[in-house]
Amino acid sequence: MIKALLWDVDGTLAETERDGHLVAFNRAFEALGVPWRWSEQHYGGLLAVSGGRERLLYDMSRREEAPGDARQREALAETVHRLKNQIYEGIVRRGDLPLRAGVAELLSECSRAHLPMGIVTTTSRGNVEALLARHLGSRWSRHFATVVCANEAPRKKPDPQVYRLALAALRLHPHQAVAIEDAPAGIEAAQRAGVPVMVAHSHYFPACAAAGALAVGPSLGRSEGWQPAADPRAMRISLEQIMQWYAHRPRITTIPVRGVRRGS
Ligand code: XBP
């Protein structure tokens, strides 16, 4: 039996990167008189760097228009990132970032089944609170047994720190939980922590490689296109389907080696 379902946020719960963070970064650049804008495609490349502030610093390190001095770049990144997050929260509050298909249904199903859930993300806590309050109401946190964000896990995905903290809070072994992710960094973070991971592709990661994943598919909102195949009679990915994938997951078995004695 699965003892907990662990949710990534950006790209998994909602298309927050394209429709939230990117839009907010560009508005922040404009408001602060920063002389560049990010295209949808350019931002897709920058997603190889986890963390909004880190992403911005990386971009600046490759731009001639950016301040040459490292301390000035740090200060600018700080200012832009703070404003970006305020703008992002505004976008969320206006209702411009819907949950992805199948997410609300799976959240409710897990709550009804009393399956503990966790939020496992290395985005800033304010962004997570805004998104979940918008969709689940002001008492959103009662749906989750643990919420771990960048504030607690500064080593961002693909570092497994955020998953290890969530498992510790839930008092679970890694194999007792299942993670839902969309992007290579998140998949790697879960796998390095030993957590079985299923992958719902997102706008920026429509076909990311996911060797060893429990299941990979286009969306929690449909049953077609999943590997291994999902029940075609279902309209979406249900908790029962996840339980089935989990029960049939490939296990690593240790075969005792004959003739090798302890301590030899
Ligand atoms: C997603 C991220 C975040 C967001 C922006 O992490 O990398 O940086 O893009 O959020 P995860 P911040 O996959 O762990 O959800 O600006 O708050 O960093």
Side-chain angles (χ1 to χ4, degrees), residues 5-29 32 34 38 40 42-60 74 76-92 97 99-100 103 117-133 135 144 146-167 177 179-193 195 197-205 208 210 213:
L5 193 64
L6 305 179
W7 292 88
D8 167 50
V9 173
D10 294 293
T12 297
L13 290 181
E15 285 288 2
T16 53
E17 297 295 6
R18 180 193 58 193
D19 303 335
H21 295 295
L22 170 60
V23 177
F25 266 118
N26 280 330
R27 286 192 195 152
F29 292 149
L32 294 166
V34 173
W38 286 342
E40 189 175 317
H42 182 70
Y43 190 67
L46 292 179
L47 287 177
V49 181
S50 290
R53 203 182 59 86
E54 293 82 346
R55 193 168 296 146
L56 181 53
L57 278 170
Y58 170 78
D59 188 62
M60 278 199 266
E74 284 277 353
L76 181 58
E78 201 73 45
T79 307
V80 172
H81 188 242
R82 197 174 316 118
L83 181 58
K84 182 278 285 183
N85 279 351
Q86 283 169 16
I87 296 170
Y88 174 89
E89 287 175 29
I91 292 172
V92 170
L97 269 179
L99 292 179
R100 290 187 63 193
V103 167
M117 289 188 285
I119 292 290
V120 182
T121 173
T122 45
T123 194
S124 318
R125 182 168 282 270
N127 297 339
V128 177
E129 288 177 347
L131 187 73
L132 291 169
H135 293 290
F144 299 96
T146 186
V147 177
V148 191
C149 305
N151 307 54
E152 298 79 40
R155 299 206 301 270
K156 305 208 162 161
K157 297 176 185 176
D159 193 289
Q161 181 185 44
V162 67
Y163 274 99
R164 292 197 176 130
L165 288 172
L167 291 168
I180 309 183
E181 285 280 356
D182 70 306
I187 297 165
E188 185 180 331
Q191 290 184 330
R192 280 168 63 189
V195 178
V197 59
M198 48 182 283
V199 181
H201 288 144
S202 58
H203 172 74
Y204 277 118
F205 301 100
C208 68

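Only this structure's heavy atoms are used, side chains among them; waters, hydrogens and symmetry mates stay out. The first residue in the sequence is number 1, and the count goes up from there. Counting convention: from 1, in listed order, for ligands and their atoms alike.
In this model, a donor atom of one side chain and an acceptor atom of the other lie less than 3.5 Å apart for Asp10 and Thr16. Donor-acceptor pairing under 3.5 Å is lacking for the side chains of Arg192 and Tyr163. In the model, Asp59 has a side-chain atom that pairs as donor or acceptor with a side-chain atom of His42 under 3.5 Å.
For ligand 1, the atoms sitting less than 4.0 Å from at least one non-hydrogen atom of Asp8 are 11 (P), 13 (O), 15 (O), numbered in the order shown with element in parentheses. Each of the following atoms of ligand 1 lies closer than 4.0 Å to a heavy atom of His81: 12 (P), 16 (O), 17 (O), 18 (O). Proximity to Lys84 (heavy-atom distance under 4.0 Å) selects the following atoms of ligand 1: 5 (C), 10 (O), 12 (P), 16 (O).
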Just do the salt bridge (charged side-chain N to carboxylate O under 4.0 Å, His left out) check on Lys157 and Glu188 with the steps written out, would you? CA-CA 8 Å; Lys157 297 176 185 176; Glu188 185 180 331; over 6 Å; no

Checking Arg55 against Tyr43 for the side chain to side chain donor-acceptor pair (under 3.5 Å) test, could you report, in this order, the C-alpha distance in whole Å, the side-chain angles of both residues, the deciding distance, and whether it holds? CA-CA 9 Å; Arg55 193 168 296 146; Tyr43 190 67; 2.8 Å; yes

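Closest to atom 1 (C) of ligand 1 among all protein heavy atoms lies Asp10 OD2, 3.2 Å. In terms of protein heavy-atom proximity, atom 4 (C) of ligand 1 is closest to Glu17 OE2, 3.5 Å. For atom 15 (O) of ligand 1, the nearest protein heavy atom (residue, atom name, distance) is Thr121 OG1, 2.6 Å. Protein heavy atom nearest atom 14 (O) of ligand 1, with residue, atom name and distance: Thr122 N, 2.6 Å. For atom 17 (O) of ligand 1, the nearest non-hydrogen atom of the protein is Ser124 OG, 2.4 Å.
Relative orientation of the Phe29 and Trp38 rings is perpendicular, given thresholds of 30° and 60° on the angle between their planes.
One finds the CG atom of Leu47 at 12.0 Å from the CZ atom of Arg18 (value rounded to the nearest 0.5 Å). With values rounded to the nearest 0.5 angstrom, Ile187 atom CD1 is found 11.5 Å from Met198 atom CE.
With hydrogens and angles ignored, the 3.5 Å screen pairs no side-chain donor or acceptor of Glu89 with any backbone N or O of Ala130.
When only interatomic distances are considered, the shortest N/O to N/O separation between Gly52 and ligand 1 falls below 3.5 Å. Considering backbone and side-chain N/O atoms, Thr123 comes within less than 3.5 Å of an N/O atom of ligand 1. Where the criterion is an N or O separation shorter than 3.5 Å, residue side chain and backbone included, Gly51 meets it with respect to ligand 1.
Closest heavy-atom approach to atom 7 (O) of ligand 1 within the set Arg55, Lys156, Lys157, His21: this belongs to Arg55.
Counting heavy atoms closer than 4.0 Å to ligand 1, residue Asn127 contributes side-chain atoms (C-beta onward) but none from N, CA, C or O. For Asn85, every heavy-atom contact with ligand 1 shorter than 4.0 Å involves the side chain, none the backbone. Neither the backbone nor the side chain of Val162 has a heavy atom within less than 4.0 Å of ligand 1.
Two residues are said to be in side-chain contact when any heavy atoms from C-beta on lie closer than 4.5 Å; Lys84 and Leu56 fail this criterion.
Note on ligand 1: Ser50 sits in its first shell, one or more heavy atoms being nearer than 4.0 Å.
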